[in-house]
There are 2 protein chains.
Amino acid sequence: MKPDALRGHLDALLLATLDGRELHGYAIIEALQQGSGGALDLPTGTVYPALRRLERAGHVVSDWSTVGGRKRRTYQLTQAGQRALRAERSAWREFTTVIDGVLGGDGKWAQT
Amino acid sequence: MKPDALRGHLDALLLATLDGRELHGYAIIEALQQGSGGALDLPTGTVYPALRRLERAGHVVSDWSTVGGRKRRTYQLTQAGQRALRAERSAWREFTTVIDGVLGGDGKWAQT
DNA sequence: AGCTACACATAGCGTCCCTACCCATGAGCG
DNA sequence: CGCTCATGGGTAGGGACGCTATGTGTAGCT
């Protein structure tokens, strides 16, 4: 899968990963790896800036904690973040519906 | 739908629109509008450069024709373009499967 | 002492779509 | 005739955003 395909959908992935639990950045990356069956292997340079964007946008808040001498920044969704997640999910559904339709939802090419 | 969501999937849309027929740029835009139920309204500044990219990549070829005194550039898929289209469709399926899995398309999250 | 895993972070780059324009022709209208 | 609109193609410049590469520091193992 070409990595650029994620453009515009990364926020949704991060919000969904944080839905119902709090995780630190590193754990988010691992959760996405597992949740995607290994298909998503996001580099830290992608995830950390994205989390800061989400924090700036008010969709997540972070808390520092120290575990085993290592500092972790743990993120959790805000109310606005949950709203954003719902919006992202709905936008995703609409998006896939539209693209599926154009790519041939009507069976015009279905069996080649 | 936020327009940026298309990023990385525009080529697939254009190739799919040209699948089995030849169209000129303007007609492609209209075909996408109709094929998407009005959801996709791509500006010419998006479509024309994209078509030139596809031509440079060898996925489409263009022919000039004159209809009613107006010059049209008509595009059609090449063999490589059809191959690319198949690849795009398969990449799209994989992509949606992965994202759906994370976003919880299967009801895993459905009722929180 | 050196290496690996954990954990966070920034800088710079390239891609790619968008906004905003520009050009040309033909038809309809005043 | 001159204006505007629809049709049709095109470029320029910018901004958003994910990626690559790199840097920092701790802990634990050998």
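Within every chain, numbering begins at 1; the chains are lettered A, B, ... in the order of the sequence lines, protein sequences first and strands thereafter.
Remark: side-chain polar atoms of B:Gln76 are not paired, donor with acceptor, to backbone N or O of B:Val60 under 3.5 angstrom.
Side chains of B:Thr74 and B:Glu22: a donor-acceptor N/O pair is absent below 3.5 angstrom, by distance only.
Atom CH2 in B:Trp64 sits roughly 18 Å away from atom P in D:dT7 (whole-Å rounding). For the pair B:Ile29 CD1 and D:dG9 C1', the computed distance is 10 Å after rounding to whole Å. The distance from atom CZ of B:Arg52 to atom P of C:dT15 is 18 Å, rounded to the nearest whole Å. When rounded to the nearest whole Å, the span between CG of A:Leu32 and C1' of D:dG18 equals 14 Å. With rounding to whole Å, A:Leu54 atom CG is found 16 Å from C:dC8 atom C1'. Nucleotide C:dC6 holds its C1' atom 8 Å from the NE2 atom of A:His24, rounded to whole Å. Taking atom CG of residue B:Leu13 and atom C1' of nucleotide C:dC17, one finds them 13 Å apart after rounding to whole Å. Note: CD (B:Glu30) to C1' (D:dG8) measures 10 Å, nearest angstrom.
Considering only the side chain of B:Arg73, D:dG10 comes nearest among D:dG8, C:dC8, D:dG10. Proximity note for B:Tyr48 (side chain, C-beta onward) versus C:dC18, C:dC8, D:dG9: the nearest is D:dG9. Among the nucleotides C:dT19, C:dT25, C:dC8, the one closest to the side chain of A:Tyr26 is C:dC8. For B:Arg53, the listed nucleotide lying nearest its side chain is C:dC17; candidates were D:dG18, D:dG10, C:dC17.
Checked by distance alone, B:Thr44 brings no side-chain donor or acceptor within 3.5 Å of a matching partner on the base of D:dG8.
With ring centers used as reference points, B:Phe95 lies under 6.0 Å from A:Trp92.
Between A:Val67 and A:Pro49, the residue whose closest nucleotide on DNA chain C is further toward the 5' end is A:Val67. Along DNA chain D, the nucleotide nearest to A:Val47 and the one nearest to B:Gly45 differ in position, and the one closer to the 5' end is contacted by B:Gly45.
Salt-bridge annotation for B:Arg89 and A:Asp100: absent, with no side-chain N of the basic residue lying under 4.0 Å from a carboxylate O of the acidic one.
When the options A:Ile99, A:Val102, A:Thr97 are evaluated for a side chain to side chain contact (heavy atoms under 4.5 Å, CB included) with B:Ser36, the one that passes is A:Val102.
Within 4.0 Å (heavy atoms only), B:Gly69 reaches sugar-phosphate atoms of the nucleic acid but no base atom. Using a 4.0 Å heavy-atom cutoff across all strands shown, B:Arg70 reaches at least one base atom of the nucleic acid. Counting non-hydrogen atoms under 4.0 angstrom, B:Arg7 reaches a base of the nucleic acid. Residue B:Gly25 is in sugar-phosphate contact alone, with no base atom involved, counting any heavy-atom pair closer than 4.0 Å across all strands shown.
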